[in-house]
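In what follows, chains carry the letters A, B, and so on, assigned in the order in which the sequence lines appear, proteins first and then strands, with residues in each chain numbered from 1.
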Amino acid sequence: MNAANAPLPGWVTFFLMPLLNLGTALLISGFVIWMIGQNPFEALSVLLNGALGSGMGIGFTLFYATNFIFTGLSVAMAYHAGLFNIGSEGQAYVGGLGCALVALALDQYVPWYVTMPFAILGAAIFGAAWAFIPAWLQAKRGSHIVITTIMFNFIGAALMVYLLVHVLKPAGAMSPETRGFAAGGQLPNLDWLMAMFGSRLGPAPLNVSFIIGLVMCFAVWFLIWRTKFGYSVRALGMSKTAATYAGIPYARTVIITMLMSGGLAGMMALNVVMGSADRLQVEFVGGAGFVGIAVSLMGRNHPLGILMAAILFGILYQGGAQLSFMMPQITRDMIVMIQGLVILFAGALEFLYRPALVRIFSRRQSLAEA
Amino acid sequence: MSSSALADFKPALVYGTGGKFDKSFNESAYNGAEKFKADTGVEYRDFEPTGDAQGEQAILNFASMGFNPVVALSFAWKSAVEKIAPQFPDTNFYIVDDVIEAPNVQSVVFKEEQGSYLVGLLAAMKSETGTVGFVGGMDIPLIHKFGCGYAQGAKAANSDVSILRNMVGTTGAAWNDPVKAGELTKNQMDQGADVIYAAAGASGLGVLQAAADDEKFSIGVDSNQNYVHPGSVLTSMVKRVDNAVYDAFKASQDGTFEAGVNRLGVADNGVGWAYDEYNKPLITEDMLAAVEKAKEGIISGDIEVHDYSVDNTCPY
């Protein structure tokens, strides 16, 4: 039997394999920490405690996870159509502009729940608009989407710096950022959710965007697996020629999928711009768009997997920050290495253990049959 | 102060994004904190953020872990301190280089225009080409303040002097881009500048290097950078961030913290020009006399140096 595509039980593919990959990454990280003379078990406990040990830690973990849910869904959406959208970073950045413009226009006049729907729309439209040109070029001119979306990240960054420095920055201010939003432009935090579990959020910025993220997980699942459009997206992702032969319009599907992908990325801005910073800041995305690629890969492009992977990366982000804070010998760069190892094993080498697992499980199966 | 209170005294320092060992702004603060540690034996904690979100979380972490005082070293943490300070009313916060109105925040700002005036005067006197240069870090009012004082000082020494001005960038990355700063310096030297003032954090090292390579003069900033390239660094506009950090820690230890704005100028030894064995051969008697006279003039109020941040314009 061919080990590469032999069937495995679902729980092995979606649970055991990622767990083994994660374990390997942590093992190697622990080894490196041990090599620089630190106690890897202490480091792991600081990491977990920092991420999950307090209401504030969980709040930060889920706050970061919210970013990764949106960008992960964005990458997955495009991936189902066979498109590799590397541009979630730029789409989220430009989405922040749409979100901030709405907040700046409305925050002094209406409460947050009136601002929010418009801000979601603004963020999604701006994010989608940033994905449109790469999508159009892919659909109509065959320009490779990976290249164009990467380049649009740079164009987006330059555009945003220009706007923040020359247009949106209040006169006399130092930092390139907009003015702070009034209460009408601030999303409320989820302290009540924490209170239900008898914990306190404290100053952690977990906000209603998390709930919107969960809703979007469901919406993306429904769209991809329960609608006609989702079927055509998946068909296109499996085989372009077969899909075209079956009458699925290539250009239209590519463009709509990418608009949705960009829109999802753009919505990530809601969490940071209106949920935490209450202003549009330069480089607020902070790499979440790229982490979204890893999250999507690790979550096998399924919303449920993405949710879990996003929380895992939230733990790594928050726990990592806490780790470099509590153990100054473990520098920022070391944390990046640990995150890199997780991405390497869970994303790039996802099938490392597959042949071995196939051997184990096919033997068990044949034993059971005999 | 009782010994238990002493044991509880935990000062913390959050650097700007240029990095701790930038030989300039952040390193000056680091030296101040180290001096405090040496003098009092009190351990402190510091953190080097690489981005805005990290800085905010570090300040929050320090505050929620009971560190007091928390010194936020850079205008970049203004919004973060504004947001966090009200949540920890018993913690003393310091913000350097920007102003926050809050009952538990002291804003430490420097009159950089005064120190820059002095080094501008020296630059124009030293220049043989009649052209001096200025390379700023991030394009913000704070750095224009340096540039404007420098221009005024240069014009005071030689009214015909021409001043070239460039900025490294528009975001926080501009503090840590010595390559681009060096290129700007080379460009200014091609246009005839022979003394170039760097007000750019770690990027300034590129300015100093480029000037030294071309056997021209440069002027360092924040820390005394005369030693970096002896014979080429004409002087440094020292901004005593080290004293500010030391005093901040000390005031909180002694319980003499005061909220409000603390403006440090030439008269308070908050800013000035560096004169030591490395640049002694470069400073002539005339220059020494002129700069000391200007210093007295600023202290007495006879010389009024324009502060760019007041009206966001520079008449020079």
Problem set entry | Non-hydrogen atoms of A:Arg279 and B:Glu82 that approach each other most closely | NH2-OE1, 4.3 Å
For this session: Specify the closest pair of heavy atoms between A:Ser276 and B:Lys83, including all atoms of both residues, with the distance to one decimal.
Result: O-NZ, 2.6 Å
Chain A contact via [X] - side chain, backbone, both or neither, heavy atoms under 4.5 Å:
X: B:Ser309; result: neither
X: B:Phe75; result: both
X: B:Lys78; result: neither

For this session: Select, from B:Asp46, B:Ile84, B:Ile140, B:Asp98, the one with the greatest count of heavy-atom pairs under 4.5 Å involving chain A.
Result: B:Ile140
Would you indicate whether [X], at its atom [atom1], is surrounded by more than 12 heavy atoms from other residues, nucleotides or ligands within a distance under 6.0 Å?
X: A:Lys169; atom1: NZ; answer: yes
X: A:Met326; atom1: CE; answer: no
X: B:Phe21; atom1: CZ; answer: yes
X: B:Glu304; atom1: CD; answer: no

For this session: Answer yes or no: is there a side-chain heavy-atom contact under 4.5 Å between A:Pro205 and B:Glu56?
Result: no
Exercise. If you check every heavy atom in residues 310-324 of chain A against those of chain B, which residues fall under 4.5 Å?
Worked result: A:Gln318, A:Ala321, A:Gln322, A:Ser324
Exercise. Top residue by heavy-atom pair count (under 4.5 Å) with chain B, among A:Val165, A:Asp278, A:Val272, A:Val282?
Worked result: A:Val165
Problem set entry | side chain to side chain donor-acceptor pair (under 3.5 Å) against B:Lys239, all qualifying residues, sequence neighbours excluded | B:Asp97, B:Glu112
Problem set entry | Residue pairs, two or more places apart or on separate chains, that pass ring pair (Phe, Tyr, Trp, His ring centres under 6.0 Å) and touch residues 93-117 of chain B | B:Tyr94-B:Phe257
Problem set entry | B:Asp139 side, atom CG; A:His166 side, atom NE2 - distance, nearest 0.5 Å | 7.0 Å
Problem set entry | Positions in residues 57-70 of chain B that reach chain A, provided some heavy atom is under 4.5 Å away | B:Gln57, B:Ala58, B:Leu60, B:Asn61, B:Phe62, B:Ser64, B:Met65
Seminar exercise, completed: Under 4.5 Å to a heavy atom of chain B? For A:Phe60 that would be side chain
